[in-house]
Number of protein chains: 2
Amino acid sequence: MEEVLVTDGRALKHVQVREYVRNLVTGAAPGSPAPSERELVQHFGVARMTVRQAMDALVVEGLLERIPGRGTFVARPRRTASRITGYTEEMTRRGMLAESQTLLARREQAGPGVARALALTEGDAVIHWRRLRRADGVPMCIEDAYLNEVLLPGFLQSGMPTSLYDSLESRGLRPTWAEDSVNADKATSEESSLLEVDPMSAVLRHSRRAVSGEKVVEVSRSVYRADRYTLWVQLGHDG
Amino acid sequence: MEEVLVTDGRALKHVQVREYVRNLVTGAAPGSPAPSERELVQHFGVARMTVRQAMDALVVEGLLERIPGRGTFVARPRRTASRITGYTEEMTRRGMLAESQTLLARREQAGPGVARALALTEGDAVIHWRRLRRADGVPMCIEDAYLNEVLLPGFLQSGMPTSLYDSLESRGLRPTWAEDSVNADKATSEESSLLEVDPMSAVLRHSRRAVSGEKVVEVSRSVYRADRYTLWVQLGHDG
DNA sequence: TAGTGGTCTAGACCACTAT
DNA sequence: TAGTGGTCTAGACCACTAG
């Protein structure tokens, strides 16, 4: 009998087995064999159903793959849909420095469109945050975000964060689902002046309605310089 | 003991239980109670682990939700990411009549860009299909699709279908994952003439690389009239 | 207190794969 | 033939919820 690595005496057995296997296989090449179920039964001194419960979770997660008669193996990583990101994370991912200049940040009464999008009643308090956003110092986009004040108490008073999405995440409101619309247009004179482009330049208009669980956490409209920005989206999933 | 509905004597027990429960709850209102595990044990005369295996599958599927101490209930349908659709399905969904006029359909040798995108070697045979696509009779977009000829034998000879995605689906090549890029631009003179808009009108340029399992099945570039088209995308998932 | 799902045991037989 | 995952049994105790 091998020595069992004690991770946490209070932990449930199937969780102990699961995390033990996860540690073994993370970083391993796809196709590498995982321990067999009966090996783990011996190693942990648990019933086989307990091991299967642990392995089931990793299979559902996409980390392992079972092949009847052969064994359990590290699965090829699945292609997945885009993570829902905000401007800061998106630009950082592209290797650019994201900066923002707040043009407006105040409490407003929701108009009919914003109220419906945020699932509020017209006249309810919303936070309106308008920013000019730069990438590597160059103007990239103007974003108008509307937030449900009830979900973000003290948001305006707490000093505005750089990243709205980091701020939402720290409150447990990271968007889990979003509905975006995108179209093409020409810049208005005000937009072209802020974005430092010629009037009537091509721009990408992007709207988002972002939901965290049951709550609508963000409604925004952004206008991007088309000469500097292309939107990328991954859809669907393999496996 | 109630009478057991016999569905298929050859079926595995957990599958019988699963499908029995699925039939019971499909169409039921979210929050409706499903049979308790012990009820199903009595009903089918099986062990509780067998029932749990059946219910687990429905929970992972998102059909049921377990609440410890209370029971198992029909889950609220999850918000999910957009299905990957082509032009025909997309326009039909919007309640418009989708029509297409083939401008070009021929075998070509893949250039460097198309070859890389389709995971082929430069010079390999590809199908190039260029269409002017209308919605309710009005020009909407020009699409250039490149397809791997090896995956679609006889495609050009078989009479071109209306919907590329229907055609892929019938060959078991429905895209499961896609990578899209979108930006804004102004129409070229050739584009504006085909799309029946003024030169330099705003257009949306959309590129897609669509994958089915392990195979790259479609690479396309489309240009949409911005005055008639807004792209919609749903990202992520609840639950 | 009765019922629920969550966890766990200690076996069993099967079909399949690899040697 | 030995090993693997797939299926299944007949119990058990726990924490939690609801009346």
Side-chain angles (χ1 to χ4, degrees), chain A residues 1-2 4 6-21 24-25 28 30-76 239, chain B residues 1-2 4 6-21 24-25 28 30-76 239:
Chain A
M1 173 82 96
E2 297 173 65
V4 174
V6 176
T7 51
D8 182 356
R10 293 165 309 175
L12 300 172
K13 293 186 180 182
H14 79 265
V15 173
Q16 289 186 41
V17 176
R18 165 164 40 89
E19 297 311 314
Y20 171 83
V21 175
L24 275 184
V25 302
S32 311
S36 80
E37 296 177 356
R38 285 162 180 89
E39 270 182 75
L40 292 165
V41 166
Q42 290 296 312
H43 191 68
F44 284 91
V46 298
R48 188 158 159 240
M49 286 306 299
T50 306
V51 168
R52 282 187 67 78
Q53 186 179 5
M55 304 293 265
D56 278 343
L58 297 174
V59 169
V60 167
E61 230 178 87
L63 193 61
L64 297 180
E65 180 184 10
R66 287 202 253 241
I67 305 180
R70 299 226 300 137
T72 305
F73 303 88
V74 178
R76 164 185 61 79
Chain B
M1 174 80 97
E2 298 173 64
V4 174
V6 176
T7 51
D8 183 356
R10 295 165 306 173
L12 300 172
K13 293 187 181 182
H14 78 265
V15 174
Q16 288 187 41
V17 176
R18 164 163 43 86
E19 296 312 314
Y20 171 83
V21 175
L24 274 185
V25 303
S32 311
S36 79
E37 296 176 357
R38 286 163 179 88
E39 271 182 75
L40 292 165
V41 165
Q42 290 296 312
H43 191 68
F44 284 92
V46 297
R48 187 157 160 241
M49 287 306 300
T50 306
V51 169
R52 281 186 67 77
Q53 185 179 6
M55 303 294 263
D56 278 343
L58 297 174
V59 168
V60 167
E61 228 179 270
L63 193 61
L64 297 180
E65 180 183 13
R66 288 202 253 240
I67 305 181
R70 297 228 298 141
T72 305
F73 303 88
V74 178
R76 163 184 61 79

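Proteins come first, then strands; the chains are lettered A, B, ... in the order of their sequence lines, and each starts at number 1.
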(message) Check this one for me: any side-chain N or O of A:T50 less than 4.0 Å away from OP1 or OP2 of C:dT9?
(response)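 For C:dT9, OP1 or OP2 has a side-chain N or O of A:T50 closer than 4.0 Å.
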(message) Side-chain N or O of A:S36 versus OP1/OP2 of D:dT4: is the shortest distance under 4.0 Å?
(response)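 Yes, such a contact exists.
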To the nearest Å, how far apart are [X] [atom1] and [N] [atom2]?
X     : N      : atom1 : atom2 : value
A:K13 : C:dT7  : NZ    : P     : 13 Å
B:Q42 : C:dG3  : CD    : C1'   : 14 Å
B:R52 : C:dC8  : CZ    : P     : 11 Å
A:L40 : D:dG3  : CG    : P     : 16 Å
A:M49 : D:dG6  : CE    : C1'   : 10 Å
A:L58 : D:dG5  : CG    : P     : 13 Å
B:F73 : D:dT17 : CZ    : C1'   : 10 Å
B:M55 : C:dG5  : CE    : P     : 7 Å

Enter the distance from [X]:[atom1] to [Y]:[atom2] here, rounded to the nearest 0.5 Å.
X     : Y     : atom1 : atom2 : answer
B:E37 : B:M49 : CD    : CE    : 9.5 Å
A:E61 : A:R18 : CD    : CZ    : 7.0 Å
A:T50 : A:F44 : OG1   : CZ    : 11.5 Å

(message) Let's see if you can work this out: which of D:dC8, D:dT4, C:dT9 has an atom nearest to the side-chain heavy atoms of B:H14?
(response)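 Between D:dC8, D:dT4, C:dT9, the one nearest the side chain of B:H14 would be D:dC8.
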(request) Kindly say whether, by distance alone, the side chain of B:R48 makes a donor-acceptor pair under 3.5 Å with the base of C:dT7? (result)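 Side chain to base: pair found, below 3.5 Å.
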(message) For a quick check, tell me whether the side chain of A:R38 and the base of D:dG3 share a donor-acceptor pair closer than 3.5 Å.
(response)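 Result: no qualifying N/O pair found.
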(message) Against the six-membered ring of B:F73, is B:R70 placed for a cation-pi contact (under 6.0 Å from the centre, within 45° of the normal)?
(response)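 Yes, a cation-pi geometry holds between B:R70 and B:F73.
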(request) Could you please name the partner base of D:dG19, counting Watson-Crick and G-U wobble pairs only when both distances are under 3.5 Å? (result)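 When the pairing criteria are applied, nothing turns out to pair with D:dG19, so the answer is none.
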(message) Return the pairing partner of C:dA15 with a 3.5 Å limit on both distances, Watson-Crick or G-U wobble; otherwise return none.
(response)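 Base-paired to D:dT4.
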(request) Using heavy atoms to find the nearest nucleotide of DNA chain C for A:Q53 and A:G69 separately, return the residue whose nucleotide is more 5′. (result)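 By nearest-heavy-atom nucleotide position, the 5'-most residue is A:Q53.
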(message) Which is more 5' along DNA chain C, the nucleotide nearest A:R70 or the one nearest A:V46? Just name the residue.
(response)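 Per heavy-atom nearest nucleotide, the more 5' residue is A:V46.
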(request) For B:Q42 and B:E39, indicate whether the former's side chain and the latter's backbone hold a donor-acceptor pair under 3.5 Å. (result)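 Not at all, since once roles are kept as given, no pair shorter than 3.5 Å links the two residues.
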